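The structure appears below as structure tokens.
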Amino acid sequence: MNLFGHFQQIVRAEIAGLSHSGKLPLGLDLTRIVVEPSREAAHGDLATNAAMVLAKSAAMPPRAIAQLLVERLAGNRDIQSTEIAGPGFINIRLKVAFWPKLLSSALALGQRYGSSTLGAGEKVNVEYVSANPTGPLHVGHCRGAVFGDALAELLAVAGFSVTREYYVNDAGAQVDVLARSAYLRYREALGEDIGEIPSGLYPGDYLKPVGQALAYDHDKALLDMPEAAWLPIVRDRALAMMMDLIREDLAALNIRQEVFISEKSLHETGEVERTVEDLRSRGLIYEGRLPPPKGEPPEDWEDREQTLFRATQFGDDIDRPLIKSDGSYTYFASDIAYSRHKIMRDFKELVYVLGADHSGYVKRLEAIGAANAGNRDVKVIVRLCQLVKLYRGGEPVRMSKRAGEFVTLRDVVDEVGADVVRFMMLYRKNEAPLDFDFKKVTEQSKENPVFYVQYAHARISSVFRNAGAAAEAVENADFSRLGDDAELQVIRRIGEYPRVIEAAAVAHEPHRIAFYLYDLASDFHALWNKGKESPQLRFILGSDMQTSLARLALLRVIRYVLANGLGILGVKPVEEM
RNA sequence: GACCCCGUAGCUCAGUUGGAUAGAGCAACAGCCUUCUAAGCUGUGGGUCGGGGGUUCGAAUCCCUCCGGGGUCGCCA
């Protein structure tokens, strides 16, 4: 139950009632009416903008509409009082008896509290990481990986049917480079001194195991072959091993995508060709010339007739080439095929998570989605993740540009742990740059949000350990015994959770969950601290079993919400620290 | 030259998709404290929301424009 949505429906129903009884005009547009949490406790629990939104179309002063609405709302069994404020806000205060109902329902739902049916099972495809399979993931992939994974989980909790997907770029020239690099390591594994890795090839040590595997499987057989013969063999082996490496890196971050789509397979199965033919038959492909790019003077610009896709017809800045000068398809061509492939699998929403350096791809991805969708209702949503800057104790971590010296995703995870990486990557809006300080993120102090949230969960767990068997009866707790300001504050916060989930899902912004958890933890810690000064506010009272039970039940609900929210972020809640 | 993102307290950032007197955490200042789990608590001060114009009952939020920072811009992937 989303209590704000619930009261929004009530407000809309009352407006409709007023229309039918002739006090307001018929046919008012109710869609802009919202019921929100009050920003200040002094304003009550809920506020609605209904009167102001309707003023114009009803041709009445907002406060007059508010007056009509307030009279109708007075009859609601959950509403204690209402007041008209400012330009026409209606502040609503709920009866004290309402909150126990909310807590009981949350307690009964347990870990499912907050889940929503908003998505109505709609099929959503979330594609993220999709790094080239030419080596281990580096730290730059970290943020997109975590963001995509959390977004997918968020959408799932919000009732969408989510598929987590990885697009394997195994068809371009870079995998041939991979193969040649691996071939060198193969010769090395057979005892040859290969010297320095030539520039243009991948120098990383991570290819040594590939060379050894090839040597084990083929002994010296590949040495006598011409490149055309060994290259496919080496390439396939190297690709498979690189993808295993990448999957291990992702697993270290607790990311396990269920679908991997190979670009090469899109070519081999004729998907690319079919897509191009399809577009051609719809008149979306033509032969033409592109203007040279502005800015950097083009060095090897060759003005030639190309096979172009009419991307501009779908909002892109320029039409895009489909066929390279050597006659093979461009990467963009397989991109279109991949988009079509997703749509054919009946996804209604295609989410792409990209690094900020790919911002130039947003329009063309939207364009190909629109072109492939035709008259189907398919949304394309691209989310960009800004860069992460690494620090250690305030000092920037230098990454030498010399080949092979980069910080890998694995380095970061091994040093600070997956939970810390995940939380910190999500404790910032995705399009804002992020500073990641190895030292600060592992500090056990209030200034560290990961710790702060985890600590709340651990503290609650600790209370339950202390409560022992007494906690077993929380199901029968009488929540009406709770009434302190600090308790009501945290209860109201709990009431917001379902709304936060839905809003975050609609906006595709998992960071809102992280900030919410911080606020909830903050409310909880405040409650805890209050018990230090006022012993009667402690959770376990030897003298008052019923109140203790109510408080333990409240703690249990808080813990459910913390665990649920951390689950969306992919962070494990801890029992003790 | 074009497009995208960012600009909010001294610092790092939120801001419920257009709502009321713009909020947190650091830092600063003033008190308190030794614990149901130690990694402390409470309070105070701090703002031309980059500048200007517009849209309307109402703008940090939407539109235009300018300034500043970052990114991207043909056949690579």
Side-chain angles (χ1 to χ4, degrees), chain A residues 4 32 34 36-40 43 47 49 52-53 55-56 61-62 85-89 91 130-132 134 169-175 177 263 289-296 298 300-304 306 316-318 320-326 328 330-332 334-335 355-363 382 384 386-387 427-435 443-449 451-452 455 458-459 461-463 465-467 496 499-500 502-504 506-507 509 511-512 514-516 518-519 522 525-526 528-533 535 538-542 576-577:
Chain A
F4 304 95
R32 289 174 59 214
V34 292
E36 300 176 308
S38 297
R39 290 198 175 172
E40 292 178 45
H43 291 158
N49 61 354
M52 291 176 293
V53 167
K56 195 169 222 175
F89 284 101
N91 291 328
S130 297
N132 286 340
T134 53
N169 297 129
D170 53 3
Q174 85 283 359
V175 289
V177 173
E263 181 189 3
R289 292 171 190 275
L290 287 177
K294 311 268 185 184
E296 293 281 313
D300 53 347
W301 173 259
E302 176 195 353
D303 188 28
R304 67 181 183 90
Q306 297 188 89
D316 201 356
D317 299 319
I318 198 166
R320 304 286 173 183
L322 294 176
I323 296 175
K324 293 192 263 188
S325 47
D326 68 359
S328 62
T330 61
Y331 178 81
F332 182 66
S334 42
D335 252 9
D357 53 338
H358 286 71
S359 62
Y361 292 79
V362 177
K363 283 188 183 175
V382 185
L384 302 172
Q386 269 291 347
L387 302 181
Y427 197 63
R428 180 114 322 169
K429 231 174 0 190
N430 54 291
E431 63 262 27
L434 186 148
D435 294 341
E443 268 171 20
Q444 301 217 329
S445 78
K446 186 176 174 297
E447 283 75 64
N448 181 351
F451 167 79
Y452 195 64
Y455 190 35
R459 266 184 163 171
S461 303
S462 150
V463 174
R465 283 194 295 275
N466 284 328
E496 288 174 21
R499 182 174 187 269
V500 169
E502 291 183 352
V506 168
E509 290 183 347
H511 77 271
R512 294 192 194 196
F515 281 94
Y516 171 85
Y518 183 87
D519 289 339
S522 175
H525 288 306
W528 174 287
N529 292 326
K530 216 168 168 182
K532 286 195 290 191
E533 289 182 9
R538 297 191 172 195
F539 303 123
I540 302 172
L541 300 171
E576 53 189 334
M577 308 183 74

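Here the structure is a predicted model, which means the values were calculated and not measured. Every chain is numbered from 1, with letters handed out A, B, ... down the list of sequences.
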May I ask you to say what [X] touches in the nucleic acid, namely base, sugar-phosphate or nothing, with a heavy-atom cut-off under 4.0 Å?
X: Pro87(A); result: base
X: Gln444(A); result: base
X: Arg289(A); result: nothing
X: Tyr427(A); result: nothing
X: Ala171(A); result: nothing
X: Pro433(A); result: sugar-phosphate
X: Ala503(A); result: nothing
X: Ala85(A); result: base
X: Ala47(A); result: base
X: Tyr452(A); result: nothing
X: Lys532(A); result: base

Whole angstrom value for the distance that separates [atom2] of [N] from [atom1] of [X]:
X: Arg459(A); N: C36(B); atom1: CZ; atom2: C1'; value: 10 Å
X: Lys429(A); N: A14(B); atom1: NZ; atom2: P; value: 5 Å
X: Ile318(A); N: G1(B); atom1: CD1; atom2: P; value: 18 Å
X: Asp435(A); N: C11(B); atom1: CG; atom2: C1'; value: 11 Å
X: Glu576(A); N: U37(B); atom1: CD; atom2: P; value: 11 Å
X: Lys363(A); N: A2(B); atom1: NZ; atom2: P; value: 12 Å
X: Lys446(A); N: U37(B); atom1: NZ; atom2: P; value: 20 Å
X: Trp528(A); N: C36(B); atom1: CH2; atom2: P; value: 8 Å

With a 3.5 Å cut-off and just heavy-atom distances, do the side chain of [X] and the base of [N] make a donor-acceptor pair?
X: Arg428(A); N: U12(B); result: no
X: Tyr518(A); N: A24(B); result: no
X: Tyr361(A); N: C76(B); result: yes
X: Asp335(A); N: A77(B); result: no
X: Arg512(A); N: U16(B); result: no

Considering Watson-Crick and G-U wobble pairs with both distances under 3.5 Å, what does [N] pair with?
N: U34(B); value: none
N: A9(B); value: none
N: C29(B); value: G43(B)
N: G1(B); value: C73(B)
N: A20(B); value: none

Expressed in whole Å, how much space separates the [atom1] atoms belonging to [N] and [M]?
N: A60(B); M: U8(B); atom1: P; result: 15 Å
N: C26(B); M: C64(B); atom1: C1'; result: 38 Å
N: U55(B); M: C62(B); atom1: C1'; result: 8 Å
N: A24(B); M: G46(B); atom1: P; result: 14 Å
N: A14(B); M: G31(B); atom1: C1'; result: 29 Å
N: G58(B); M: U21(B); atom1: P; result: 13 Å
N: G7(B); M: U61(B); atom1: P; result: 11 Å
N: G15(B); M: G25(B); atom1: C1'; result: 15 Å

Please say whether more than 12 non-hydrogen atoms of neighbouring residues, nucleotides or ligands are located less than 6.0 Å from CZ in Arg465(A). yes

Verify the contact: side-chain N or O of [X] to OP1 or OP2 of [N], cut-off strictly under 4.0 Å; return yes or no.
X: Ser462(A); N: U37(B); answer: yes
X: Lys56(A); N: C57(B); answer: yes
X: His511(A); N: G15(B); answer: yes
X: Asn49(A); N: G18(B); answer: no

Any side-chain heavy atom of Val177(A) sitting closer than 4.5 Å to one from Thr134(A)? no

Taking C-beta and beyond as the side chain, do Arg459(A) and Trp528(A) meet within less than 4.5 Å on heavy atoms? yes

Where Pro321(A) and Gln306(A) come nearest, the two heavy atoms and their spacing: CB-OE1, 3.5 Å

Listed nucleotide nearest any side-chain atom of [X], set [options]:
X: Pro321(A); options: A77(B), G74(B), A20(B); value: G74(B)
X: Phe451(A); options: A39(B), C41(B), A77(B); value: A39(B)
X: Thr330(A); options: U37(B), C75(B), G74(B); value: C75(B)

Using atom types as modelled and distance alone, determine if a side-chain donor or acceptor of [X] lies under 3.5 Å from a backbone N or O of [Y].
X: Arg428(A); Y: Leu434(A); value: no
X: Thr330(A); Y: Lys324(A); value: no
X: Asn169(A); Y: Asn132(A); value: no

Is the shortest side-chain N to carboxylate O distance from Arg512(A) to Glu509(A) below 4.0 Å? yes

Pi stacking test for Phe515(A) and A14(B): under 5.5 Å apart, planes under 30°: no

One pair to check against ring pair (Phe, Tyr, Trp, His ring centres under 6.0 Å): His525(A) and Tyr452(A). What are the steps and the verdict? CA-CA 9 Å; His525(A) 288 306; Tyr452(A) 195 64; 4.5 Å; yes

Parallel, tilted or perpendicular, as decided by the 30° and 60° cut-offs, for the rings of His358(A) and Tyr361(A): tilted

Comparing Asp317(A) and Arg499(A) on RNA chain B - which has the more 5′ nearest nucleotide: Asp317(A)

Whichever of Phe89(A) and Val463(A) has its nearest RNA chain B nucleotide further upstream toward 5': Phe89(A)

